[in-house]
Amino acid sequence: MSGYWTDIVTGGKSLVTGLAITAREFFKPVVTEQYPWEVPTMTPLFRGHIELIGNEETGAPNCVVCGMCQRACPSVCISLDGKKNEGGKGKVLTSYIIDFTKCSLCGSCVESCNFNALRFSREYNLASFDKNDFIMDLIKRLEEQNRCTR
Amino acid sequence: METSMWHALLYLVGIMAFAGVNAAWLGWCERKGAARIQRRIGPCEAGFAGLLQPLADGLKLLSKQLLVPQGVDGIIFRVAPVLAMIPAITSMAVIPFSENIGARAMELSVLLLFALASIAMIAILLGGWASGNKYALISSARAVSQNLAYEIPMLLTVITVVMISGSMNLRDIAIDQQGGFWHWNIFRLENGHFLTMWISFIIFFICAIAETNRAPFDMAEAESELVAGFMTEYGSMGFGLFMMGEYLNIVVGACLTAVLFLGGWDCPFGLTPGIWWFLLKIYILIFTFIWIRWTYPRTQIYRLLNLSWKILIPFSLANLMVTAALIKVF
Amino acid sequence: MHTLVCQPADAPALFSAEGLVGVVFLLTVALVVTGALIAVNARRLVRAVSGLAICFTGLAGVYYFLLSPFLAMMQMLIYVGAVSILIAFGIMMATPEEQQATGMHSKATLAGPLAFSVAALIFAALTLLGLKTEWQVFPRQGTFDIKEVGLSLLTTHGLVFELISIVLLLAIIGALVLAQKGRN
């Protein structure tokens, strides 16, 4: 019988506490972002699909076409190609295509790159009706970025 | 009171409008309230602050096909949602909104409200049963056992109010509480009723939540266990009518609580009684309904029945005896 | 309220107050009859119970026309709200599947006509009785009040009241005993 009364008292108290908590939350400001109207900025460590890093002066890709990223990729989604540099040493990147439908964002490509040529982008608006939209040409992307910044 | 045809028509239209507007926009209030408690914004796209959302929802429901699945009892399946809506609207006829606004100041209006509430219960029972669906069947069994269990303490607490006021007419009960909050049944100074009536009020309010099948007592439509309970097989406006019936039952419950315990249209300080006080009270009570729904998780069916049979009923019985004693002693 | 008693001798116009009341009265009677017919004839138990509920609702209306709103409310509260729901509940607990039509092709071929003739006889007798009797309109004694009902229940009909409470007590004890047995 003693449990009966303590149940009622403690139960009632806990109910009132619950109500007090929700009442307090009711008057606190909203924390959600209204996505299409408010565009959030991604954190530095956000992993979007990879992108090429351009040379700060010329804007040309830092990539030397060593192919380490291609070899490091476990999902075989990177395909790149280059040609001999005319009038200089090394190679120049001619195409760098990533199949984002296969990418698992593991980051092995970024880690394996020794020439500061790859990084994660902060792209997150990636919804599409077409699968082909996710096979991305990163050189084109870099050119567009260069056009925007310069 | 003069009863011309126009009077009746006016009240009919007025009550239908009040019921319809409440049924539609309480859904909006609920979503907004839930959102604020969870620190979201809630509906905000359709119209200013999402105020047109109920219209959009209504249009969507109306434009959907009224599907009657195979194996259901066709007639009863179609009648049940209507039956859920009828008693809620009819109940409005006897609720005194203010001294002069009230369709019918009937003797026995308290009894009428409970009689109508039992029809709402039948609607859930039939809707669940006719669906020919196990989830719906379990849901209606739960709803009925829950409603039967909670009707007892509810009636017992109402009897305390009826004893104090000496009338079963809601209007008389409200008039009896005029003149400031110390006359209201919940804080009534006279005869020392304030000692026990606040317990009555709490019991009544808990029962009102349970009778309207609201969380934390929404065993009948427990989504996580029973899909949507008795509404599982309903789509389109059949579902819409059940929802509107639920919201209207909340309005009726709030009106009843306001009249029985909170002095109806009386001003707390005894100054300017009027319909605005009544509306203020019922909307505060409705907000409390929403607030409670979004605070507590769903209980279990046996806990729910235990609460009624082991706590609410003994307390309301003791309360009844104390109230009777207080009336006799003073 | 006093003009509600229907007088067939001077039939009022349909759209006068009395006429409309008459229409409502006929509707309630129709509700009783159709409800009862559904309850008896329905093949599915759900429909039979709903028919019973309709019949009870109609009866509540008849009580209202007999100037006894208290009884009407009680009829709704107890018979519609509790009795028919309990019946439905009982059926639901016993047979979750839709009941097959039983007893429609009973072996006792005599039972049907016999029951029908007995029922017809009773109906004819009651109708005759109703038509032959010279009905007296009793003046209403006092105003209708629940207080009077309560007073008479506790004074004039005190013994009956106590007997009913004993029946209820027995029912509760019986239920407890049954439940106890079920548990062990």
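Protein chains get the first letters and strands the later ones, always in sequence-line order, with residue 1 at the start of each.
- Using a 4.5 Å cut-off between heavy atoms, B:I119 touches chain C through its side chain atoms alone.
- When each of B:N319, B:T157, B:T323 is paired with B:S200, the side chain to side chain donor-acceptor pair (under 3.5 Å) condition holds for B:N319 and for no other.
- For the pair B:L304 and B:Q146, the tightest heavy-atom approach, listed with the atom from each and the gap, is CD2-CG, 3.6 Å.
- Only the side chain of C:S84 comes within less than 4.5 Å of a heavy atom of chain B; its backbone N, CA, C and O stay farther away.
- Annotation for C:R47: atom CZ counts as buried by contact number, over 12 foreign heavy atoms lying within 6.0 Å.
- Proximity to chain C (any heavy atom under 4.5 Å) is shown, for B:I122, by both the backbone and the side chain.
- Taking every heavy atom of both residues into account, B:L148 and C:G81 meet most closely at CD2-O, 4.4 Å.
- Neither the backbone nor the side chain of C:I78 comes within less than 4.5 Å of any heavy atom of chain B.
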For this session: Kindly indicate, with the supporting measurements, whether the criterion side-chain contact (heavy atoms from CB on, under 4.5 Å) is fulfilled by B:N213 and B:E246.
Result: CA-CA 8 Å; B:N213 291 322; B:E246 186 188 319; 5.8 Å; no
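- Contacts of B:L112 with chain C are made by both backbone and side-chain atoms, with heavy-atom separations under 4.5 Å.
- Neither the backbone nor the side chain of B:S167 comes within contact range of chain C; no heavy atom of the residue lies under 4.5 Å from a heavy atom of that chain.
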